[in-house]
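The structure appears below as structure tokens.
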Amino acid sequence: MKVLNFGSLNVDNVYNLPHFVTAGETIASSKMEKFCGGKGLNQSVALAKAGLPVYHAGAIGNDGQMLLDLCHEYGIDTTYVKKMDAPGGHTVIQVDESGQNCIILYGGTNRMITPAFVDEVLAGFGEGDILVLQNEISEIPYIVDKAYEAGMKIVLNPSPYDSNLASCDFSKVWLFMLNEVEGLQCTGFSEPDKIMDELLRKFPDSRTVLTLGSAGAWYCDRDTRVFQDIFKVKAVDTTAAGDTFTGFFVASILGGASPQEALRTAAKASSIAVTRKGAAPSIPTIEEVRNQ
Ligand code: RIB
């Protein structure tokens, strides 16, 4: 079984501020830091640090060497990362004093994924392989259709949720990884039970992990529903907490853990990530998670 993550790679430009800038306001930030990020890259780093060999597919631009270097540092296979002569994906991230963030995302090369490139990548994978997806690259509906045709098991984190997902056939998804905002966008419901019920009603063969920030996380499939509370810590920067959760949950489940054990490992990993600055660099190793 091979694991492929087809997803975004971003350079995150992070500004620490007393509070988020409001309309008409100008605030000076004493510090500006550049980190490797992107939901795709963060999730590949989390999968790799959780001990799972992973292939990353995606596209970087002129400024993307640091993203490639980071992949190599963690042993992520970058055979399917394409270099393009264009501006790469990047963000402007404000982090406030409580560690919360708000993000402006520029897709760049992440939005230049074509059906031909998708075909090229998926030719290397087949029946029983795992595909992890988020929604920061172009052609997600096409990737889902082709991967399903090839017999791959699809993990979808529909984040950030937008109209591109309207044409995506969710019945082909094996595992949904979403938070309460994406849960509302996908189902029209805001209560956790109703989100899970609705996903199971529409897609009875799927399974879902629903994360609720400080209110913990749920796993459900047609037979099971289990809850995991958070591990309380003082947050410094919540960027990539969800990506860390996704990577560690998927790696644990594929490694044979029960949903309850996988939720616990993922909750511990993301509780460590929020105590550190940046996206990809904040993700702990499996040893750090075990020793916590
Ligand atoms: O999930 C966090 C990520 O979202 C950041 O690294 C940023 O690049 C945005 O894509």
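Read the numbers this way: they start at 1 and go in the same order the structure lists the ligands and their atoms. Sequential numbering from 1 along the given sequence is applied to the chain's residues.
- Proximity to A279 (heavy-atom distance under 4.0 Å) selects the following atoms of ligand 1: 6 (O).
- Between G38 and ligand 1, at least one N/O pair is under 3.5 Å apart.
- With hydrogens left out, the protein atom closest to atom 8 (O) of ligand 1 is D12 OD1, 2.6 Å, a heavy atom.
- Side-chain contact, Q65 with D69: a donor N or O sits under 3.5 Å from an acceptor N or O.
- For the residue pair Y161 and N179, no side-chain donor N or O sits within less than 3.5 Å of a side-chain acceptor on the partner.
- Near E136, meaning under 4.0 Å from one of its heavy atoms, ligand 1 places the atoms 4 (O), 9 (C), 10 (O).
- Of the polar atoms of T91, none of the N or O atoms is found under 3.5 Å from an N or O of ligand 1, judged by distance alone.
- Ring geometry for F227 versus W218: interplanar angle of 30 to 60°, hence tilted.
- Contacts of L41 with ligand 1, taken as heavy-atom pairs under 4.0 Å, are absent altogether.
- Heavy atoms of G242 stay at 4.0 angstrom or farther from ligand 1.
- Side-chain polar atoms of S44 and N5 form a donor-acceptor pair below 3.5 angstrom.
- Applying the 4.0 Å criterion to heavy atoms of G37 picks out, from ligand 1, the atoms 6 (O), 8 (O).
- T246 and D243 share no side-chain donor-acceptor pair at under 3.5 Å.
- Scanning the protein for heavy atoms near atom 4 (O) of ligand 1, the closest one is K39 NZ, 3.3 Å.
- The nearest protein atom to atom 2 (C) of ligand 1, hydrogens excluded, is given as D243 OD2, 3.4 Å; this is a heavy-atom distance.
- Each of the atoms 2 (C), 3 (C), 5 (C), 6 (O) of ligand 1 lies under 4.0 Å from some heavy atom of N42.
- In this structure, the ring of F6 has its center no less than 6.0 angstrom from the ring center of F125.
- For the residue pair N164 / N135, no side-chain donor-acceptor distance below 3.5 Å is found, with atom types taken as modelled.
- Relative orientation of the F203 and F170 rings is perpendicular, given thresholds of 30° and 60° on the angle between their planes.
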